Q: 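Below is one structure. I have some questions about it.
Heavy atoms only: backbone and side chains are in, while hydrogens, waters and symmetry mates are out. This structure is a prediction, so every number in the text was calculated from the model and none was measured.
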Amino acid sequence: MLISCGDALIDFVPTKNADGREAVMPAVGGSCLNVAIGIARLGAPTGFVGGISTDLFGRMIADHAVASSVELGLATRSDHQTTLAFVRIVAGESHYAFYDAETATRNWTFRRGSIPFDTVEAVHVGSTTLVNDQGAAETKALIADAKASSTISFDPNCRPNLVKDKPAYLARMTEFADSADLVKMSDVDFTYLFGEELYRQRASAMLGQGSSLVVITRGNNGAIAWHAKAGQIEVEAPKVQVADTIGAGDSFQAALLFALHKQGRLSRSQLKGIGTEELRRALSFAANCAGLTCTRPGADPPWSHEISWRW
C-alpha cells in the first residue's frame with residue numbers, strides 16, 4: 001500500500017453563474033488527499049492519514065475519497081469543522097484564502113504504532129498540515145515510525161499566506177526534505193523557499209543529505225529532476241487547453257509515485273538504483289497526468305482508463 005498523510009479540505013473554485021457573473025463551486029481538495037486520490041485512481045492500493053470532519057463538508061470529502069478507492073480506515077474523524085479554501089486565478093497561478101482555525105486537519109493526531117509500515121511501500125507528506133506546530137509534530141512522529149521500512153516522499157506545497165514566521169518555516173521544510181527519499185516542489189515553491197539559488201545547487205545539497213530524487217515542476221516548461229545515479233533529466237509538459245492548474249502538482253506527485261511503484265522502483269533501495277530511461281518515463285507519465293488535470297476545473301486527477309500509456 002501507498003499512504004498519503006496531510007490535508008483534506010474543500011476548495012471553492014472560481015466559475016461563472018448563468019448571468020456570467022463570478023461565482024465559486026465547492027470541490028474536494030487538499031494537496032495530500034489529492035495525492036491519495038490520484039494514486040488510487042491510477043490503480044495502486046492507497047490509504048489516507050489525516051483529519052477529516054464529520055460535518056457536511058467532511059462527509060463530502062469522505063464520499064469523494066471512497067469513490068476513488070482511497071482507504072480511510074487510518075484517518076482521524078472528528079466534529080471539528082472542515083478547512084475551507086477560496087481560490088482565485090491570478091496570471092495563471094492559483095491564489096488561496098484559507099479558513100483553517102481549529103479544524104479537523106489541525107486537530108489530527110497520529111496513532112503511534114497503529115500502521116503496519118512493513119506493508120507500506122511509500123508515505124507521502126507535505127502541504128498545509130506542516131505549517132502548524134501540531135501537524136508538523138504528528139507528521140514527524142509518523143515519519144519516525146515509517147522510515148525504517150517505507151520510502152518517504154515530500155512536497156512542501158507552500159501557502160505563504162498561512163506562514164507567520166518564514167525563517168522557522170524554512171527550517172522546518174528543510175528538516176522534512178532532509179528526511180525524505182523523494183522531494184518534489186514547484187518552481188514557485190522553490191523561489192519562496194530558496195530565492196535565487198540555482199536549482200542544481202539546492203538539489204545537490206538535498207542529494208548530499210540522503211535524498212535519492214529531487215524534482216522541480218515548472219508549469220508549461222515541464223519538469224527537471226536530479227538523481228544520485230541517473231543524473232539530471234528534463235521532460236516536457238504536454239500542450240493542453242488549461243481550465244485551471246488546481247491540483248496539477250498533486251496529480252504529478254501521485255502519478256510519479258504510481259509510476260515508480262509500477263516499475264518496481266519505489267522502495268528505497270530500488271529508487272536509489274533506478275536507470276535514466278526508467279526515470280524519464282516515470283517523469284513523462286507524471287507530466288502527462290498533470291496536463292490532463294489542468295484541462296478540467298478543480299483538483300480532478302485522471303483515472304487509469306483516461307491515460308494511454310505502455311509500460
Side-chain angles (χ1 to χ4, degrees), residues 4-7 29-35 38 92-96 122-131 135-136 139 143 151-163 166-228 232-235 237 245-257 259-260 271 279 282-283 286-287 289-291 293-294 299 301:
S4 186
C5 169
D7 51 339
S31 177
C32 294
L33 182 69
N34 292 340
V35 170
E93 289 288 339
S94 300
H95 293 253
Y96 295 82
V123 175
H124 174 72
V125 301
S127 197
T128 60
T129 303
L130 305 184
V131 175
T139 305
I143 291 173
T151 297
I152 307 300
S153 163
F154 170 60
D155 176 5
N157 193 48
C158 305
R159 294 292 178 254
N161 57 330
L162 291 177
V163 175
K166 186 174 178 180
Y169 176 75
L170 175 56
R172 179 177 289 173
M173 294 303 98
T174 300
E175 183 179 355
F176 276 105
D178 288 347
S179 70
D181 302 289
L182 190 165
V183 180
K184 172 256 165 190
M185 69 187 86
S186 71
D187 51 358
V188 175
D189 291 339
F190 187 96
T191 298
Y192 177 70
L193 293 172
F194 307 116
E196 298 302 315
E197 184 175 355
L198 296 176
Y199 291 158
R200 66 175 181 273
Q201 181 176 315
R202 176 57 57 169
S204 178
M206 290 178 175
L207 295 177
Q209 288 295 322
S211 297
S212 293
L213 178 61
V214 178
V215 183
I216 308 293
T217 56
R218 304 174 296 168
N220 290 334
N221 294 318
I224 184 168
W226 293 262
H227 184 269
Q232 180 178 319
I233 298 172
E234 292 189 51
V235 297
T245 60
I246 298 169
D250 304 328
S251 182
F252 184 102
Q253 185 83 34
L256 178 58
L257 291 170
L260 294 170
L271 181 59
L279 183 53
L283 292 164
C289 288
T293 302
C294 290

Q: Report yes if some heavy atom in the side chain of Leu213 is under 4.5 Å from a heavy atom in the side chain of Leu279; otherwise report no.
A: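 Yes - at least one pair of side-chain heavy atoms lies under 4.5 Å apart.
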
Q: Keeping the roles fixed (side chain from Ser251, backbone from Pro301), state whether a donor-acceptor pair exists under 3.5 Å.
A: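 Not at all, since once roles are kept as given, no pair shorter than 3.5 Å links the two residues.
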
Q: State, to 0.1 Å, how close Cys294 and Ala248 come at their nearest heavy-atom pair, and which atoms those are.
A: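 Heavy atoms only, the tightest pair is SG-CB, 3.6 Å.
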
Q: Calculate, to the nearest 0.5 Å, the distance between atoms CG and CE belonging to Asn157 and Met185 respectively.
A: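 Interatomic distance, Asn157 CG to Met185 CE, rounded to 0.5 Å: 11.5 Å.
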
Q: Any idea which heavy atoms bring Pro156 and Lys184 closest together, and the distance?
A: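 It is CD-O, 3.5 Å.
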
Q: So, for Gly219 and Ala237, which heavy atoms are closest and what is the spacing to 0.1 Å?
A: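 In this case the closest contact between Gly219 and Ala237 is O-CB, 3.5 Å.
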
Q: Testing the basics here: between Val183 and Ala177, what is the closest heavy-atom pair and its distance to 0.1 Å?
A: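 Nearest pair, atom of Val183 first, then Ala177: CG2-O, 3.9 Å.
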
Q: Between the side chains of Asp7 and Thr129, does any donor sit under 3.5 Å from an acceptor?
A: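 Asp7 vs Thr129: no donor-acceptor pair found between side chains.
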
Q: With the side chain counted from C-beta on, respond yes when Asp189 and Asp155 share a heavy-atom pair under 4.5 Å apart, and no when they do not.
A: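 Answer yes - side chains close enough.
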
Q: Of the non-hydrogen atoms in Ser186 and Ile216, which two are nearest, and what is the gap between them?
A: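 Heavy atoms of Ser186 and Ile216 come nearest at C-CG2, 4.2 Å.
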
Q: In terms of side-chain heavy atoms, does His124 have a donor or acceptor partner in Ser153 at a distance below 3.5 Å?
A: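 On atom types as modelled, these side chains qualify, holding a pair under 3.5 Å.
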
Q: Should Asp187 and Arg218 be marked as a salt bridge (charged side-chain N to carboxylate O under 4.0 Å, His left out) after you check the CA-CA gap, both sets of side-chain angles, and the distance that decides it?
A: CA-CA 5 Å; Asp187 51 358; Arg218 304 174 296 168; over 6 Å; no

Q: Take Leu170 and Tyr192, measure what side-chain contact (heavy atoms from CB on, under 4.5 Å) needs, and give me the verdict at the end.
A: CA-CA 9 Å; Leu170 175 56; Tyr192 177 70; over 6 Å; no

Q: If we only count heavy atoms from C-beta on, is the Phe154 to Leu130 side-chain gap below 4.5 Å?
A: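 SC-SC contact between Phe154 and Leu130 confirmed.
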
Q: Which atom names give the shortest non-hydrogen contact between Cys5 and Cys32, and what distance separates them?
A: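 It is O-SG, 3.2 Å.
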
Q: Counting only heavy atoms not in Asn220, do more than 12 fall under 6.0 Å of its CG?
A: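 Counting other residues, nucleotides and ligands, CG of Asn220 stays at 12 neighbours or fewer.
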
Q: Sequence neighbours left out, what pairs pass salt bridge (Lys or Arg N to Asp or Glu O under 4.0 Å) with at least one residue falling in residues 191-201?
A: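 Sorted result for residues 191-201: Glu197-Arg202.
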
Q: Looking at Ser204 and Gln201, would you say the former's side chain and the latter's main chain have a donor-acceptor pair under 3.5 Å?
A: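 Such a contact is absent between Ser204 side chain and Gln201 backbone.
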
Q: How many angstroms lie between atom OG1 of Thr128 and atom CG of Asn161, to the nearest 0.5 angstrom?
A: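 Taking OG1 in Thr128 and CG in Asn161, the distance rounds to 10.5 Å.
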
Q: Applying the side chain to side chain contact (heavy atoms under 4.5 Å, CB included) criterion to Ser212, which one of Leu207, Thr151, Leu271 satisfies it?
A: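 It is Leu271; the other options fail the test.
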
Q: Quick one: does Asp250's side chain have a donor or acceptor within less than 3.5 Å of a partner on Val35's backbone?
A: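 Pair absent, no side-chain N/O of Asp250 close to backbone of Val35.
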
Q: Determine yes or no for a side-chain-to-main-chain donor-acceptor pair under 3.5 angstrom, with Arg159 supplying the side chain and Leu162 the backbone.
A: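 Not confirmed, Arg159 side chain does not pair with Leu162 backbone.
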
Q: Do Gln253 and Leu182 have side chains that get closer than 4.5 Å, going by heavy atoms?
A: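 Answer yes - side chains close enough.
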
Q: Working note: Thr293 + Phe252, criterion side-chain contact (heavy atoms from CB on, under 4.5 Å); need CA distance, chi angles, decisive distance, verdict.
A: CA-CA 9 Å; Thr293 302; Phe252 184 102; over 6 Å; no

Q: Using 30° and 60° as the class limits, which term best fits the ring planes of Tyr199 and Phe190: parallel, tilted or perpendicular?
A: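 It falls in the perpendicular class, over 60°.
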
